[in-house]
Amino acid sequence: MSVRVRFAPSPTGFMHMGNARTALFNWLYARHVGGTFLLRIEDTDRERSTKEAVQVIYDSLKWMGLDWDEDVIFQSDRLDVYRDVANRLIDAGFAYRCTCTREELEAIKVRMEAETGQKRYDRTCRDKKQGPDCGEHVIRFATPITGESAFEDLIQGSILKQQEELDDFIMMRTDGTPTYQFAVVVDDEKMRITHVIRGVDHIDNTHDQLNLYRALGFTPPQFAHAPRILGLSKRKGSPSVEYYRQAMGLTREGLLNYIVRLGWSHGDQEIFSMEELIAAFDLKDVNRASGNFDDVKLAWVNEQQLRKIPLELLADYVLPYFQEKGLNPEKGPWFYRMLDVIRLRATHLGDFVDRCDYFFNDIKEYEEKAAKKHLKSAMTPVLLELADRFEKLGEWTEEAIAAVMTRLCEEKDTKLGKIAQPARVALSGCAMTPGIYETIWLIGRERTVSRLKAATQWIAENDQT
RNA sequence: GGCGCGUUCGUCUAGUGGUUAGGACGCCGGCCUCUCACGCCGGUAGCACGGGUUCGACUCCCGUACGCGCUGCCA
């Protein structure tokens, strides 16, 4: 039987990092085994679900590249199905109508806790066999009272619970909508889900759901409960995909790579391409313990991905940042080369546009410290000589540029640094840039020559030594 | 409170009865070097605690502590 998994978020307004990883685990597992990855929107809580929130889910999944198969299922479209199944359960004696009010319930739970130490419904209505005309009511599941519920979790191992610990949970609310606990079973069966991969916070619910499967005569899927992600502090903004994507300028490769390794591992490997992830991912390698989200390591992983992904893709990622600043570089050898030299120094997508101003615009002023140190009158002859040689250089390649500078060093019997640093300041206005040859090539012959000359002019006006 | 689950360097993790407990981030030191980086080399630091089981426990069992979750007509 082929594997079918699903990601079933409720539209709450943003994609929490934990949900993102659950989606990723599901998607990776499906792609790994050649199965099917489905999306279901759990919008039975009518008060909280909005269209915008659903859109956020779509956008986040698309950005992450987690494409789903088949049509999206909305629980709100299936209300009559749940009602029918619930009635079937009542007829079969597995569920019952409960007319206890919320106030009564509160009192019951207080009493139960005092008497038994456990805060549960006392099953007052369980044997009343009330009909549909009993007035305002909910439908509860008649949980088995004895025995134990056990299952083998693919991640957590054996999970055991005494049935007597379980409550007669509500399946259908007063307003006729199903609760999560009920809808999830009906839908997973309908969608022929074979593996339920979700967060550990659902692990206790699994027993209720297993009882439901049994009552319904359904074959339960396999369960895999992934550990929680801790340490997503609220003060840094919301712990959502959108936040990290925008505020940190992450690539999808970086975020996914980081998040997948938080709770899953494949030997000592840290950096994965998406293809490698699909090939390597397996539920048996998912850790049981929860992990802490660490922005520092996330940044490192993102750096690694920035250096690894194809330049064409990187160009797509950073272009919006350039356009935001009114720059519109053309995709091509020049732009790719520039990205290639900057990526070694970049952590976030925003770093690219931040660090290449002098490749686009003229130097407005020299960084004070750098100019003071490197733009001295003694350097004027060298800078002019460089300008002259670049002007006459036949082929404008990094190799040819390197040759010019090496030659000049030999002639002047000096180290490259003595020439490269002043040239760097002259060309970029600052003391830190990528390699000098690449920088010169990227700036281009014409601007290189004019900037070198302009620097000597500045020296004449400013350096008194 | 009750129930459930978890616990290896500061953090992410490998480990499945016998290892000098491995890797990664960070941090520290060095090398490389035209600056800044990258990279490379080295160092730092860990099996929560207490009992068992065993010739031998990070690995198995029990307990304690701590953490997290559930205990909603949220999911």
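All chains are named by letter (A, B, ...) in the order of the sequence lines, taking the proteins before the strands, and each is independently numbered beginning at 1.
- If you check distances only, the side chain of A/E165 never reaches the base of B/G2 with a donor-acceptor pair under 3.5 Å.
- Going from atom NE2 of A/H202 over to atom P of B/U71 covers 10 Å, rounded to whole Å.
- Aromatic ring centres of A/H207 and A/F151 lie closer together than 6.0 Å.
- Listed nucleotides B/C38, B/U13, B/C70 differ in distance to A/D201; the shortest reach to its side chain belongs to B/C70.
- Going from the C1' atom of B/U19 to that of B/U8 covers 14 Å, rounded to whole Å.
- Of the C1' atoms belonging to B/G46 and B/A21, the separation is 9 Å, rounded to the nearest Å.
- For the C1' atoms, the distance from B/C9 to B/A14 is 13 Å, rounded to whole Å.
- For a distance-only test at 3.5 Å, the side chain of A/R228 fails to qualify as a donor-acceptor partner of the base of B/C68.
- Of the candidates B/A75, B/C36, B/C73, the closest approach to any side-chain atom of A/N205 belongs to B/A75.
- An OP1 or OP2 oxygen of B/A14 is reached within less than 4.0 angstrom by a side-chain nitrogen or oxygen of A/S265.
- B/U16 is unpaired under the criterion used here, namely a Watson-Crick or G-U wobble arrangement in which both key atom distances are under 3.5 Å.
- Close placement of the A/F281 and A/W264 rings is indicated, their centers lying within 6.0 Å of each other.
- The nucleotide whose nearest atom lies closest to any side-chain atom of A/I159 is, among B/G1, B/C36, B/C5, B/C5.
- Using atom P as the reference point in both B/C28 and B/A37, the two lie 12 Å apart (nearest Å).
- For A/H137 and A/Y96, the ring centers are positioned 6.0 Å apart or more.
- Side-chain proximity of A/L344 to the nucleotides B/C38, B/U35, B/C12 is greatest for B/C38.
- The side-chain tip of A/R140 points at the ring of A/Y121 from less than 6.0 angstrom away and within 45° of straight on.
- Spacing between atom NE2 of A/H207 and atom P of B/G2 amounts to 19 Å, rounded to whole angstrom units.
- Residue contacts shown for A/L166 are absent, as no nucleic acid heavy atom lies under 4.0 Å away.
- Listed nucleotides B/A24, B/C73, B/C34 differ in distance to A/R173; the shortest reach to its side chain belongs to B/C73.
- Of the candidate nucleotides B/C73, B/A75, B/G4, B/A75 has the atom nearest to the side chain of A/Y180.
- Using a 4.0 Å heavy-atom criterion, one finds that A/V296 contacts the sugar-phosphate atoms exclusively.
- Side-chain N/O atoms of A/T116 include none lying less than 4.0 angstrom from OP1 or OP2 on B/G2.
- Taking 4.0 angstrom as the limit, A/N287 places none of its side-chain polar atoms (N or O) nearer than this to OP1 or OP2 of B/U7.
- Base pairing analysis places B/C27 opposite B/G43; the two distances defining the Watson-Crick or G-U wobble pair are each below 3.5 Å.
- You'll find a donor-acceptor pair under 3.5 Å spanning the side chain of A/T174 and the base of B/C73, going by distance alone.
- Atom CD of A/E270 is separated from atom P of B/U11 by 16 Å (rounded to the nearest Å).
- Straight-line distance from the CG atom of A/N19 to the C1' atom of B/A75: 9 Å, rounded to whole Å.
- When the C1' atom is used for both B/C60 and B/U16, the distance is 11 Å, rounded to whole Å.
- Note on A/Y437: a base of the nucleic acid sits closer than 4.0 angstrom, heavy atoms only.
- Residue A/T433 is in base contact, counting any heavy-atom pair closer than 4.0 Å across all strands shown.
- OP1 and OP2 of B/C36 both lie 4.0 Å or more from every side-chain N or O belonging to A/R345.
- Between A/R21 and the phosphate of B/C12, there is no side-chain N or O to OP1/OP2 separation shorter than 4.0 Å.
- Counting any heavy atom pair closer than 4.0 Å across all strands shown, A/I436 reaches a base atom.
- For A/D204, counting side-chain heavy atoms from C-beta on, the closest listed nucleotide (B/G1, B/G69, B/C25) is B/G69.
- Residue A/N292 places at least one side-chain N or O closer than 4.0 Å to OP1 or OP2 of B/C12.
- Candidate nucleotides B/G23, B/A14, B/G4 were compared by shortest atom distance to the side chain of A/R261, and B/G23 ranks first.
- Residue contacts for A/G199: at a heavy-atom cut-off of 4.0 Å it reaches no nucleic acid atom on any strand shown.
- B/G43 and B/G6 have their C1' atoms separated by 33 Å, with the value rounded to a whole Å.
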request  = Evaluate the criterion side chain to side chain donor-acceptor pair (under 3.5 Å) for residue pair A/E242 and A/S240; output intermediate values, then yes/no.
outcome  = CA-CA 5 Å; A/E242 297 77 33; A/S240 65; 3.3 Å; yes
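- Aromatic rings from A/Y366 and A/W458 are positioned such that their centres are separated by under 6.0 Å.
- Atom pair A/K297:NZ and B/C12:C1' shows a separation of 5 Å (rounding to whole Å applied).
- Between the P atoms of B/U59 and B/G50, the separation comes to 12 Å (whole Å).
- One can place CZ of A/F293 at 20 Å from C1' of B/G67, the figure rounded to the nearest angstrom.
- Phosphate contact (OP1/OP2 of B/G72, side-chain N/O of A/K109, threshold under 4.0 Å): present.
- Glycosidic conformation of B/C55 is anti; the angle lies outside 90° of 0.
- Using a 4.5 Å cut-off on side-chain heavy atoms (C-beta onward), A/W68 and A/L38 make no contact.
- The residue A/P227 sits apart from the nucleic acid: no heavy atom pair falls under 4.0 Å.
- Pair assignment for B/G4 gives B/C68, based on Watson-Crick or G-U wobble hydrogen-bonding distances that are each under 3.5 Å.
- In this structure, A/E136 places its CD atom where only 12 or fewer heavy-atom neighbours from other residues, nucleotides or ligands lie under 6.0 Å away.
- Annotation: A/Y258 is not in aromatic contact with A/Y244 [ring centroid separation under 6.0 Å not met].
- Between B/G51 and B/A57, the distance separating the two C1' atoms is 14 Å to the nearest Å.
- Among B/C73, B/G6, B/G23, the nucleotide with an atom closest to any side-chain atom of A/Q156 is B/G6.
- The side chain of A/A289 approaches B/U7 more closely than any other nucleotide in the set B/A75, B/U7, B/A24.
- If you measure from atom CZ of A/F151 to atom P of B/G4, you get 13 Å, rounded to the nearest angstrom.
- Residue order along RNA chain B, read from the 5' end via each residue's closest nucleotide, puts A/Q118 first among A/Q118 and A/E438.
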